[in-house]
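Here's the structure we're looking at; comments come further down.
Throughout, protein chains are lettered first and strands after them, A, B, ... in sequence-line order, and every chain is numbered starting at 1. Computed over heavy atoms, backbone and side chain alike; hydrogens, waters and symmetry mates excluded.
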Amino acid sequence: MSGNYLIEFSYLFASIFFIFGLKGLSHPKTARRGMNMAALGMLVAIVGTLLHHEIISYQLIIIGMIIGSAIGAAMSIWMPMTAMPQRTALSHAFGALAASLVGISEYYQHVVNDGAQISSFKMTALGFEVLFGSLTVTGSLLAFVKLQELIRGAPVTYKGQNIINVSLFVIAAGIFIYLIYDPTQSALFYVMVVLSFLFGILLVLPIGSADMPVVMSLMNSYAGLASAATGFAIGNNVLIIAGTLDGFSGFILSILMCKAMNRSVTNVLFGAFGSVSADTGQLVEGVMREVGADDVAVQLAYARQVVFVPGYGMATAQAQHAVRELAEVLEHKGVNVKYAIHPVAGRMPGHMNVLLAEANVPYSSLYELEQINPEMQATDVAVVIGANDVVNPDARDNPKSPIAGMPIIEVDRAHNVVVLKRGKGKGFSGLENPLFFKANTGMLYGDAKSSLSKLAQAVQQA
Amino acid sequence: MSVASLVPSICVLALAEGSGVSATALMASLYIFVLAAFLGYQVISRVPPLLHTPLMSATNAISAISVVGSILTAGGKYSDVSKFLGFIAVVSAMINVVGGFMITDRMLKMFKDRIGGGNDSGGKEGR
């Protein structure tokens, strides 16, 4: 009995330290210490669990822990920062897999193997666990495949998609409710598992790469809720607390991402998003003015304030270090350099901040949308690096645009705009961007990384 | 969300009636869930957008506490099928425990408030 108290106290300790850990994340200065506390909490909880009297054999546990730790450590040491969205998608899949396997295993053990009766309450918890878990596994894996560009990132849509998705969900939910009243129907349980796996794929299939931040946040939330449901199923409070914190964190992030794209939360929850219609009903007039690196360098060198606006293109070109080098050269010449970060720039929340931090850009020069927009009129040159929708003035000016109402970084209010772009194409969203046709916008084509290095050299000579 | 998530909880409560689960235990779990949700909302809305990527990997690492459920399944008095599923669950949860905390620390180490300065504590790699 005293052993049980010890374990319960280790869980209480872990819960408190997890909350301290997340509290630490409210500022970069306290974040590391907080996370170390959370890691300590995790260690204590795991050691406490290993003392549990129900454990009769340690063989599988030890082997599993060694394999898992090795894979986890290897992934975190060698994963490049640009691959952070992929890694996060994978880790959502792993977390959800663990939760749903525990659920399936519990069900198999009690219902199929022992032929015992389980309570409706336990069945409900197991059902939520397996439903959320399984759909997150396949959904996150598909997100991973799309982010890794193993398949095209474009939305996959077909006729009757929403009807198929909704009916699939209704069938799975119907089976779930039936199982609550009669948990012994193991065949139905397996059908429900398969349907949830399938539903995860169908949910993410119609979502384009540009909407990935929302998907990532949602999957984060579902994975957490699956863990919380595990806590209900096996009567473990620390699982409920940690899972709920994760679930809510993901939910808050998805709301923030939705606001940053002017989409409603309902729109997101029902998955009917991502298929941007290509027909905007508007043609943009004018020509795009191509500029050379030397001209841009002169503009930059004599500017008072330069604002860099990074997008996913900076990540694909691995250009974050080149940006910082150019910024340093400019600062050396007395130019005031700032970075403007849109909440949905990149493929996951905070993606750009991490990349720039990796390149040693101090976080005091990173500005959020609301902070930087009032300064745009006083900015001499805004340099857009592989960003498109987040600087598209149509979102503000054209109510018919599919992205109408989305808050943007108003680079078009700066005296001059330079857009670094790979080619003349429309980019991921398939939308025309009137910014590119404006008289004070210059287009600098080519790989962002080499363009930026060229600029840095030219500025030094200017 | 909190209201919406209460609905299934209340259904659960109704189901627990007559199924032999102690109402006290169930209510305690629900209290924990609801209070954790409120607390989570308070704590997490204070995290600046700057740290949203580390936040996601941190919460992911923390929710890998489901490893304790996996451990009990893999090592308990269970059938071989259940134990095997538990074993896979231990592997995947541990990937998130170790990988999640390590990569969060790797990211947080990079955030500095000015060039050359910052919050680095001597380059020591945390757990």
Count the heavy atoms of every other residue, nucleotide or ligand shown that sit under 6.0 Å from OH of B:Y31, and state whether that count exceeds 12. no

Chain A: which of B:L35, B:V81, B:L39 shares the most heavy-atom pairs with it under 4.5 Å? B:V81

So which residue, A:A73, A:G231, A:G243, A:A70, ends up with the most heavy-atom pairs under 4.5 Å with chain B? A:A73

Where is the tightest heavy-atom contact between B:A58 and A:M35, given as atom of each residue plus distance? CB-CE, 3.4 Å

Which region of A:Q109, side chain (C-beta onward) or backbone (N, CA, C, O), has a non-hydrogen atom less than 4.5 Å from a non-hydrogen atom of chain B, or is it both or neither? both

Is the A:Y363 ring parallel, tilted or perpendicular to the A:H27 ring (thresholds 30°, 60°)? perpendicular

Could you tell me which portion of A:M65 (side chain, backbone, both or neither) has an atom closer than 4.5 angstrom to a non-hydrogen atom of chain B? both

Can you confirm whether A:F18 sits close enough to A:I241 that some side-chain heavy atom of one is under 4.5 Å from a side-chain heavy atom of the other? no

Return the option, out of A:V102, A:T88, A:I63, A:L50, with the maximum number of heavy-atom pairs under 4.5 Å with chain B. A:V102

Out of B:N60, B:I32, B:V43, return the one with the most heavy atom pairs under 4.5 angstrom to chain A. B:N60

Among B:V67, B:T104, B:L50, B:I44, residue most engaged with chain A (heavy-atom pairs, under 4.5 Å): B:L50

Which portion of A:M123 sits near chain B, non-hydrogen atoms under 4.5 angstrom: neither

Among B:S66, B:S82, B:A36, B:S63, the residue with the most heavy-atom pairs under 4.5 Å to chain A is B:S82

In terms of heavy-atom proximity below 4.5 Å to chain A, should B:N96 be classed as side chain, backbone, both, or neither? side chain

Among A:I66, A:L253, A:L25, A:L245, who wins on heavy-atom pairs under 4.5 Å with chain B? A:L25

Could you work out, with ring pair (Phe, Tyr, Trp, His ring centres under 6.0 Å) as the rule, every residue matching A:Y107, not counting sequence neighbours? A:F189

Between B:A28 and chain A, with a heavy-atom cut-off of 4.5 Å, which part of the residue counts as in contact: side chain, backbone, both or neither? neither

Cut-off 4.5 Å, heavy atoms of chain B, and the answer for A:L22 is both

Under 4.5 Å from any heavy atom of chain A, what part of B:T73 do you find: side chain, backbone, both or neither? side chain

Side chain, backbone, both or neither: which part of A:M81 has a non-hydrogen atom closer than 4.5 Å to chain B? both

Tell me, out of B:S79, B:G40, B:A74, who's got the most heavy-atom pairs with chain A below 4.5 Å. B:S79

Okay, B:V68 and chain A: the region with an atom under 4.5 Å from a heavy atom over there is both

Go through the atoms of A:S365 and report whether side chain, backbone, both or neither lie under 4.5 Å from a heavy atom of chain B. neither

Which distance, rounded to the nearest 0.5 Å, do you find between the OG1 of A:T230 and the CD1 of B:I65? 11.5 Å

Could you check A:M84 against B:T53 for side chain to side chain contact (heavy atoms under 4.5 Å, CB included), going step by step and ending with a plain yes or no? CA-CA 8 Å; A:M84 198 49 72; B:T53 299; 3.7 Å; yes

Part of B:S70 lying under 4.5 Å from any heavy atom of chain A: both

Checking A:L256 against chain B: side chain, backbone, both or neither under 4.5 Å from a heavy atom? side chain

What heavy-atom pair brings B:S57 and A:R87 nearest, and what distance separates the two atoms? CB-NH2, 3.7 Å

Any A:P183 side-chain heavy atom under 4.5 Å of A:K122 side chain: no

Please tell me if the side chains of B:P54 and B:M107 come closer than 4.5 Å, counting only heavy atoms from C-beta onward. yes

What option among B:K77, B:M94, B:Q42 has the most heavy-atom pairs under 4.5 Å with chain A? B:M94

Intermediate values then yes/no, side-chain hydrogen bond (donor to acceptor under 3.5 Å, both in side chains), A:T49 and A:Y11: CA-CA 9 Å; A:T49 308; A:Y11 291 166; 2.7 Å; yes

Hey, would you say the A:Y108 and B:Y78 ring centroids sit under 6.0 Å apart? no

Taking A:F128 as the fixed residue, which of A:F232, A:F176, A:Y222, A:F121 is the one that meets the ring-ring contact (aromatic ring centres under 6.0 Å, His included) rule? A:F176

Residue selection (most heavy-atom pairs with chain B, distance under 4.5 Å) from A:M79, A:H110, A:H351: A:M79

How close do A:S76 and B:G99 get, counting heavy atoms only, and between which atoms? CB-O, 3.6 Å

Answer with side chain, backbone, both or neither: which region of B:I71 has an atom nearer than 4.5 Å to a non-hydrogen atom of chain A? both

Partner chain B: residue of A:I77, A:N236, A:V112 with the largest heavy-atom pair count (under 4.5 Å): A:I77

